[in-house]
Number of protein chains: 2
Amino acid sequence: MARRTPTLARLAELAGISQMSASRAINDRHGVSEQTRDKVLRIAAEIGYVANRTAQKLSGGRTRIVGLLTPVRQDQFVTELIIGAGRAARNAGYEMLVYPMFDEDRETHHNVLTLLQQFSDGLVAILPHDDAPYLKALNEADVPVVVVDQRGVFPQYPSVASDNYEGARLAVQHLVALGHTRIAFISGDERLTAAHDRARGFNDAMRQQGLRPEASLTAIGRFSQAMGFKAALHLLKLKRPPTAIFAANDLSAFGAIAAAHELGMRVPEDVSVIGFDDVPMASQVYPPLTTIRQPLQQMGRSAVNILLARIAGIESPSDRITLPTDLILRSSTAQPAAKRGAQR
Amino acid sequence: MARRTPTLARLAELAGISQMSASRAINDRHGVSEQTRDKVLRIAAEIGYVANRTAQKLSGGRTRIVGLLTPVRQDQFVTELIIGAGRAARNAGYEMLVYPMFDEDRETHHNVLTLLQQFSDGLVAILPHDDAPYLKALNEADVPVVVVDQRGVFPQYPSVASDNYEGARLAVQHLVALGHTRIAFISGDERLTAAHDRARGFNDAMRQQGLRPEASLTAIGRFSQAMGFKAALHLLKLKRPPTAIFAANDLSAFGAIAAAHELGMRVPEDVSVIGFDDVPMASQVYPPLTTIRQPLQQMGRSAVNILLARIAGIESPSDRITLPTDLILRSSTAQPAAKRGAQR
DNA sequence: CTGAAAGCGCTAACAT
DNA sequence: ATGTTAGCGCTTTCAG
């Protein structure tokens with residue numbers, strides 16, 4: 001007896017009503033008596049009815065699925081966003097499907113967007129960087145779109161980001177408060193808004209502390225461990241090396257720490273290192289990394305919540321959220337050696 | 001002029017043929033003249049036609065989408081699998097959609113499976129652990145399923161795993177070759193086949209080396225950094241502490257290294273640590289972690305390839321693949337201090 | 001090689 | 001509150 005997946009028609013038949021009433025009951029629409037609804041839901045649970053979302057979408061309805069478009073990354077950055085977004089979706093009775101983008105994914109934006117729209121009511125996009133074809137493809141989307149972490153690049157969409165500028169200032173203030181004056185900066189991927197804002201924050205904070213950032217103390221990190229390693233190696237070999245390094249993200253901070261060790265220097269005794277993001281690994285390596293925390297899960301959650309509101313037709317014009325960043329004090333920063341000596 | 005997404009009907013109209021011929025051309029079926037096919041494909045590209053996969057699925061066709069069901073994890077383990085699987089899918093002209101499972105996702109297996117089947121031709125499942133409801137739900141799937149990393153638990157499905165047993169032996173052999181005799185083991189999540197196999201491999205290898213594993217030198221790590229930290233702290237505080245620690249995965253190895261540092265011990269000078277997995281972070285922390293490499297991306301790739309074969313109707317009975325593991329020598333292991341002293 | 005008809009499971013729109 | 005009709009975009013028959 002090859003029992004097929006139960007359909008709405010079958011459910012209606014068992015309940016002794018029309019398909020339409022069953023549909024309304026399942027979707028919690030009005031136009032059904034409470035009695036009918038309860039009956040339908042009971043039978044649905046009994047026979048294990050699960051709505052076919054492709055059919056729902058095809059017939060012009062909602063699927064209660066949100067799509068998340070994301071680059072796959074080396075660090076935990078994206079995973080945390082996914083967790084936040086996914087939980088928010090589930091809490092609202094939605095499912096979330098993730099479309100992972102690889103480095104080589106170029107020129108296929110149109111197809112991907114079209115694909116995702118076919119079974120989602122809306123899209124959250126974590127975009128790799130400012131990418132013209134993407135922008136164009138996103139514009140053609142006819143489901144709501146919310147952008148994460150790329151505020152500014154897609155001004156036409158609601159967006160969620162953290163306060164990268166202020167976070168960078170926090171990092172500098174922390175290092176200065178410890179007594180550092182020679183502070184180096186390992187920059188991020190300059191194609192990303194976030195990287196820009198952090199660089200700006202660093203420079204502004206330095207000036208505000210009366211520390212005029214030196215060009216020679218800025219190195220390119222591109223948000224990668226390998227580049228962070230190289231950058232720090234270069235910086236620490238300078239005739240007058242920095243006593244502290246602010247890396248634009250945790251991954252490049254890990255690289256900086258490795259470079260210090262490579263040169264026989266201890267962290268934080270010989271050089272302080274502070275990162276940005278607070279990915280889970282930041283607290284799990286040695287030394288635990290002092291860093292600027294982005295509320296990654298909350299960013300994902302906010303993005304989904306805005307999206308769900310848009311799907312429901314609520315368009316608040318203020319859907320451009322910037323969440324605060326925090327200094328997370330751990331063990332990779334300390335007073336500079338000179339200062340410690342002087343204090344004794 | 002509200003231009004809607006072009007449909008197959010529109011495409012056929014423009015090509016001056018029937019919808020069916022257009023469909024055949026698009027799907028590369030036989031039954032169309034080469035001339036017609038070329039024309040259709042040209043026009044499709046021109047108007048940016050993208051097949052509606054929900055409609056394809058609904059009408060009994062293939063969507064060329066594979067679904068990947070995965071727990072979200074703290075480490076990069078899963079990300080690497082996703083990369084391998086995703087690339088393999090893309091190379092074969094398929095898309096891949098990921099359904100992330102959170103810890104709290106229980107009791108919803110039936111729904112999730114049903115949902116995923118609605119738009120995929122097959123499923124790759126990275127399961128959290130042996131979970132009865134899951135097993136049941138998977139059994140009801142009417143698309144092919146391939147299981148990753150849980151060989152044995154789902155004997156009815158084709159599976160891909162790495163040689164955890166042999167990998168563990170490799171780790172022990174490496175430590176013994178360095179001169180270690182007091183070797184501790186930090187176990188993994190015992191609900192997982194992989195964890196079991198690694199423990200078995202450890203014990204067998206120890207015996208084969210004439211080293212009778214001591215119960216007091218085994219601690220529980222559950223594949224987490226925090227537990228690994230705790231376990232190592234305990235082990236290193238023993239009156240007769242081990243000179244080397246084999247952690248069942250990289251994450252718990254990171255914990256072990258942190259614990260050693262916490263106690264003022266250096267790695268590898270005072271204690272050697274070897275992990276398992278070779279997640280990207282393993283090479284990015286300090287000291288770079290000596291570990292047993294699982295070919296994670298290749299595992300993802302193999303899983304998808306088996307799945308695609310199944311989708312195409314090719315059922316090789318030997319679809320239970322075990323991929324080899326390798327020792328990756330980095331800097332967290334060295335000769336024990338005693339031996340180094342003796343050599344001088 | 002090509003096409004016409006029927007229908008996948010569902011919901012909008014329009015009944016009643 | 002409930003039911004009927006039509007159709008979403010595609011592919012499976014089944015005919016030519």
> Would you say D:dC8 has OP1 or OP2 under 4.0 Å from some side-chain N or O of B:Thr54?
Replying inline: no

>> At 10 degrees resolution, what angle do the end axes of the helix from C:dC1-D:dG16 to C:dT16-D:dA1 form when each is taken over five base pairs?
In response: 30°

>> My understanding is that only one of B:Val145, B:Asp319, B:Asn305 makes a side-chain contact (heavy atoms from CB on, under 4.5 Å) with B:Arg310; could you say which?
In response: B:Asp319

>> Taking atom CD as the centre, does B:Gln35 end up with more than 12 heavy-atom neighbours from other residues, nucleotides or ligands that are less than 6.0 angstrom away?
In response: no

> Per the side-chain contact (heavy atoms from CB on, under 4.5 Å) rule, which among B:Thr63, B:Leu307, B:Val66, B:Ile65 passes with B:Asp121?
Replying inline: B:Thr63

>> In whole Å, I'd like the distance from the CD atom of A:Gln56 to the C1' atom of C:dC10.
In response: 7 Å

>> Let's see if you get this right: which residues in residues 36-43 of chain A place a heavy atom under 4.0 Å from DNA chain C?
In response: none

>> So, taking the atom named CD1 in A:Ile26 and the one named OG in A:Ser21, what distance separates them when rounded to the nearest 0.5 Å?
In response: 12.0 Å

> When the distance from CD of A:Gln118 to C1' of D:dG9 is rounded to whole Å, what number comes out?
Replying inline: 10 Å

>> Give the residues of residues 22-31 of chain A touching DNA chain D, defined as any heavy atom closer than 4.0 Å, sorted by residue number.
In response: A:Arg24, A:Gly31

> Does the side chain of A:Ser21 get closer than 4.0 angstrom to OP1 or OP2 of D:dG3 through an N or O atom?
Replying inline: yes

>> Side-chain N or O of B:Tyr49 versus OP1/OP2 of D:dC10: is the shortest distance under 4.0 Å?
In response: yes

> If you pin B:Val32 and B:Gly60 to their nearest nucleotides in DNA chain C, which one's is more 5'?
Replying inline: B:Val32

>> Could you check whether any side-chain heavy atom of A:Val279 comes within less than 4.5 Å of a side-chain heavy atom of A:Glu80, counting everything from C-beta outward?
In response: no

>> With a 4.0 Å limit, can you tell me whether B:Ser59 has a side-chain N or O closer than that to the phosphate oxygens OP1/OP2 of D:dC10?
In response: no

> Do A:Val124 and A:Val304 come close enough that some side-chain heavy atom pair is under 4.5 Å?
Replying inline: yes

>> Nearest whole Å is fine: how far is C:dG3 C1' from B:Gln19 CD?
In response: 11 Å

